[in-house]
A.B. asks: 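Dropping the structure in here first, questions after.
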Number of protein chains: 4
Amino acid sequence: MSISKSTARRRGRPQGDEVKIAILKAANELLEERGLAGFTIDAVATRSGAARSSIYRWWPNRGALAIAGFLAETAQKIGYPVTSSAIADMKGQMMRVAEVYGQKVGRTISALVAQGQSDPEALRALLDGYVLPRRDEAKKVLARGVANGELRDDLDFDVVVDALYGPIWYRILVPHAPLTPDWAGRLADHVFGGLRPTR
Amino acid sequence: MSISKSTARRRGRPQGDEVKIAILKAANELLEERGLAGFTIDAVATRSGAARSSIYRWWPNRGALAIAGFLAETAQKIGYPVTSSAIADMKGQMMRVAEVYGQKVGRTISALVAQGQSDPEALRALLDGYVLPRRDEAKKVLARGVANGELRDDLDFDVVVDALYGPIWYRILVPHAPLTPDWAGRLADHVFGGLRPTR
Amino acid sequence: MSISKSTARRRGRPQGDEVKIAILKAANELLEERGLAGFTIDAVATRSGAARSSIYRWWPNRGALAIAGFLAETAQKIGYPVTSSAIADMKGQMMRVAEVYGQKVGRTISALVAQGQSDPEALRALLDGYVLPRRDEAKKVLARGVANGELRDDLDFDVVVDALYGPIWYRILVPHAPLTPDWAGRLADHVFGGLRPTR
Amino acid sequence: MSISKSTARRRGRPQGDEVKIAILKAANELLEERGLAGFTIDAVATRSGAARSSIYRWWPNRGALAIAGFLAETAQKIGYPVTSSAIADMKGQMMRVAEVYGQKVGRTISALVAQGQSDPEALRALLDGYVLPRRDEAKKVLARGVANGELRDDLDFDVVVDALYGPIWYRILVPHAPLTPDWAGRLADHVFGGLRPTR
DNA sequence: GTCTAAACGAGACGGTACGTCCGGTCTTACA
DNA sequence: TGTAAGACCGGACGTACCGTCTCGTTTAGAC
């Protein structure tokens with residue numbers, strides 16, 4: 001995004017971060033509170049106190065702003081616990097994710113995905129900035145599980161991550177029933193344990 | 001949508017089905033070809049040869065039209081096979097769903113979900129008209145599997161359906177990787193078999 | 001408007017003038033009450049209880065209906081008094097016209113004239129059906145005045161009628177001040193008497 | 001329309017007068033050429049090269065635009081001559097008005113009046129912006145005539161202005177016969193001279 | 001301390017789609 | 001054949017945003 005900022009400070013007024021931060025904050029709040037429909041450049045400008053032109057100076061369009069707001073404000077709030085059991089760590093993290101996504105963050109995420117359907121760059125940004133990194137984290141936990149014998153060694157990690165986290169996103173985006181930690185726990189149990197009877 | 005057409009014909013000019021059909025067809029095609037962005041009432045009108053006002057006579061807004069187009073044209077294309085094995089039936093159906101959703105239908109579905117994020121009625125219609133009925137079908141297959149001993153008898157069907165189909169929707173909506181029958185087959189194997197080592 | 005009612009009954013359902021009358025009545029009422037803006041074919045249909053198609057059977061478009069409604073209902077309500085004095089007759093008639101036009105009829109007339117601006121046929125119908133006939137009546141009174149010596153014998157009747165009635169229409173259409181009988185009387189006095197000082 | 005431009009420039013982009021002028025010009029031309037029927041916001045936009053939204057930024061609806069176009073372009077074209085005789089001045093001005101109104105301006109005026117019938121604000125604007133000011137001018141001339149003895153001193157100026165100009169508007173709006181300077185001259189003669197025989 | 005170029009607020013501008021309203025035509029069922 | 005009902009095409013309306021642009025103002029660093 002920015003090349004050659006390392007070299008000697010350029011002339012002119014430097015870019016007071018407050019404006020940028022206020023914009024991102026407002027963007028995120030609007031996304032949370034009113035979803036994609038209420039997320040208007042004008043609304044962001046009004047709420048943040050910034051001018052529309054200031055927004056367009058830093059982000060090329062509303063999709064980019066939406067993603068940026070999300071990444072800046074809410075993205076990295078859920079870490080993985082680290083205990084001796086990878087399965088327990090996974091399950092715990094899924095439950096915490098469900099808890100968080102079940103509230104305002106869920107609205108934001110679904111708005112972002114919706115935006116992504118008609119805005120390839122926004123989708124790309126969401127994937128690269130959020131989805132893929134988190135998948136990688138999950139895979140590390142899985143690898144740990146394989147290493148210590150908790151998990152089968154023939155697992156396809158991509159499939160497993162889809163199996164564990166896909167349903168969570170599905171419940172955000174297609175809310176046929178509420179997204180709760182309890183449900184997430186049962187989901188983990190079913191997937192880890194399989195569906196076949198134990199002999 | 002309208003029952004009670006059986007009774008005596010109403011007074012005025014009857015509603016030449018061709019127009020309605022042409023509109024729905026055009027709506028669906030646009031959704032498939034160009035996603036939500038290109039799905040404009042005007043575009044639908046032009047392509048179908050109908051007048052904008054005719055569209056608004058039958059559907060209150062673009063969300064309703066989008067859902068209606070989908071349900072009328074593409075919704076019921078994938079049935080369940082029925083063999084002796086419920087697990088095989090499930091897996092087979094998932095693979096066929098993946099195949100179909102991996103193409104144009106996927107675009108349509110993601111457009112509908114996106115629309116649903118800012119249009120509660122559209123979301124409701126999608127759930128009631130498509131998602132929930134298909135979940136019910138899946139649960140019947142699962143029940144068969146429990147009955148004949150293929151599946152554990154303590155399963156939470158809602159969780160299981162989420163676990164099996166959630167990832168498919170996830171890959172449509174958050175396309176971090178392509179949606180293929182092969183992947184769907186492996187997904188089924190992982191979930192049915194569980195992730196823990198077999199003794 | 002309707003000829004040949006005398007001859008032998010034609011086949012089919014007789015045309016029960018009630019519908020036509022109800023339509024004209026409704027048309028006129030709407031014109032009076034809400035002016036051109038509220039004068040909608042649909043509104044006329046609803047109020048009259050007739051179907052839109054029945055309206056279009058008898059009148060080609062809304063302009064024609066408006067004129068017809070006016071002519072049928074309100075047009076011929078103001079006759080000329082006949083006394084020995086033509087000037088008094090004129091003045092009296094002007095005052096009564098002002099009285100009538102100052103109320104609902106004025107709204108109707110201004111609506112018709114407005115309609116006429118973008119509908120040449122409506123204008124033609126208004127002229128032929130109302131304006132010109134009434135001008136002719138006025139000219140007869142003027143001729144009587146010339147004959148009995150009340151009026152100059154070199155008058156241009158068209159100019160005189162314009163001078164006497166033009167201001168009345170003007171006050172209807174450009175209502176810079178109310179249209180009252182008193183004002184009309186003073187108008188008559190000024191025009192008949194001239195504006196120059198009497199020696 | 002806007003005073004107080006003298007003070008310090010406002011913050012944002014100033015309002016490039018060209019756009020506004022082009023819009024008004026186009027509006028007026030359309031009114032002249034095609035009357036109220038052809039006077040469409042879209043047509044104005046197309047002809048002026050401006051966007052529809054730019055038009056709506058400055059005028060709230062088509063009525064307001066119509067008036068504004070008229071006032072900006074054609075309104076003030078006819079001044080009063082000033083000679084020693086008030087009567088001659090009046091008559092001269094009436095003839096020139098007749099000449100001008102007899103052409104395109106007449107179309108515009110009748111369109112405006114028509115618009116006014118279903119748009120009270122447009123009517124108000126026409127009265128305040130055009131009709132009343134011009135009536136005031138006329139009254140001044142009349143006052144001069146009274147002062148120098150050409151006219152009776154018991155005249156009701158409002159009635160006189162109605163008597164002199166009312167017929168002209170009447171002939172514009174109810175064009176039963178063409179509006180010519182010659183006719184206007186005869187009108188002036190009749191009204192100033194009165195209709196009674198001179199002893 | 002001045003100079004100056006970028007940041008910033010404000011808002012005009014061209015566009016595009018929305019959903020509504022109405023006009024006029026056409027097609028049916030019923031009387 | 002007249003009438004009620006209402007589907008249909010078409011076109012204008014006014015609204016809401018989008019993304020671009022052009023201003024005047026502010027301000028921290030360069031000089």
A.B. asks: Tell me what C/R57 touches on the nucleic acid: a base, only sugar-phosphate, or nothing, going by heavy atoms under 4.0 Å.
C.D. replies: base
A.B. asks: Counting neighbours of CZ on A/R47 that are heavy atoms of other residues, nucleotides or ligands and sit closer than 6.0 Å, is the number greater than 12?
C.D. replies: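 Atom CZ in A/R47 is packed in, count exceeds 12.
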A.B. asks: Give the intermediate values and the outcome of side chain to side chain contact (heavy atoms under 4.5 Å, CB included) for residues C/I23 and C/V19.
C.D. replies: CA-CA 6 Å; C/I23 291 170; C/V19 174; 3.8 Å; yes
A.B. asks: I'd like to check D/D119 versus D/N61 (side-chain heavy atoms, cut-off strictly below 4.5 Å). Are they in contact?
C.D. replies: yes
A.B. asks: Please report the distance, rounded to the nearest Å, between CG in B/D17 and C1' in E/dT28.
C.D. replies: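 Those two atoms, CG and C1', are 14 Å apart.
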A.B. asks: Please state how far atom CG in C/L65 lies from atom C1' in E/dG23, giving the value in whole angstrom units.
C.D. replies: 13 Å
A.B. asks: Picking from D/E33, D/E73, D/E32, what satisfies salt bridge (Lys or Arg N to Asp or Glu O under 4.0 Å) with D/K104?
C.D. replies: D/E32
A.B. asks: Please compare D/N61 and A/I41 by the position of their nearest nucleotide in DNA chain F and report the one closer to 5'.
C.D. replies: D/N61
A.B. asks: 5'-most contact on DNA chain F: A/R62 or D/Y56, nearest heavy atom basis?
C.D. replies: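 So the residue in question is D/Y56.
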A.B. asks: Rounded to the nearest angstrom, tell me the gap between atom CG in A/L30 and atom P in F/dC17.
C.D. replies: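 Result: 12 Å.
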A.B. asks: Can you confirm whether A/L30 sits close enough to A/T40 that some side-chain heavy atom of one is under 4.5 Å from a side-chain heavy atom of the other?
C.D. replies: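 Answer no - side chains too far apart.
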A.B. asks: Could you state the CZ-C1' distance from B/F39 to E/dG19, rounded to the nearest angstrom?
C.D. replies: 14 Å
A.B. asks: Starting at CD of C/E18 and ending at P of F/dT3, how long is that distance when rounded to a whole Å?
C.D. replies: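 Result: 9 Å.
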A.B. asks: Nearest whole Å is fine: how far is E/dC8 C1' from A/I21 CD1?
C.D. replies: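 The answer, rounded to whole Å, is 16 Å.
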A.B. asks: Indicate yes or no: at least one non-hydrogen side-chain atom of B/R62 is less than 4.5 angstrom from one of B/L36.
C.D. replies: yes
A.B. asks: Starting at the 5' end of DNA chain E and moving along, which residue's nearest nucleotide shows up first, D/I55 or B/T40?
C.D. replies: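 The residue whose closest nucleotide sits nearer the 5' end is D/I55.
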A.B. asks: Decide yes or no for D/I41 and D/Y56: does some side-chain heavy atom of the first lie under 4.5 Å from some side-chain heavy atom of the second?
C.D. replies: yes
A.B. asks: Which of residues 42-54 of chain C sit near DNA chain F, with a heavy atom under 4.0 Å from it?
C.D. replies: C/G49, C/A50, C/A51, C/R52, C/S53, C/S54
A.B. asks: How about B/L173 and A/Q117: do any of their side-chain heavy atoms sit closer than 4.5 Å?
C.D. replies: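 They are in side-chain contact.
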A.B. asks: Measure the shortest side-chain to side-chain distance between C/I109 and C/F70 over non-hydrogen atoms and say whether it is less than 4.5 angstrom.
C.D. replies: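 Yes - at least one pair of side-chain heavy atoms lies under 4.5 Å apart.
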A.B. asks: Does the side chain of D/W58 get closer than 4.0 angstrom to OP1 or OP2 of E/dA12 through an N or O atom?
C.D. replies: no
A.B. asks: Could you list by number each residue of residues 108-124 of chain C showing a heavy-atom separation from DNA chain F of less than 4.0 Å, or answer none if no residue does?
C.D. replies: none
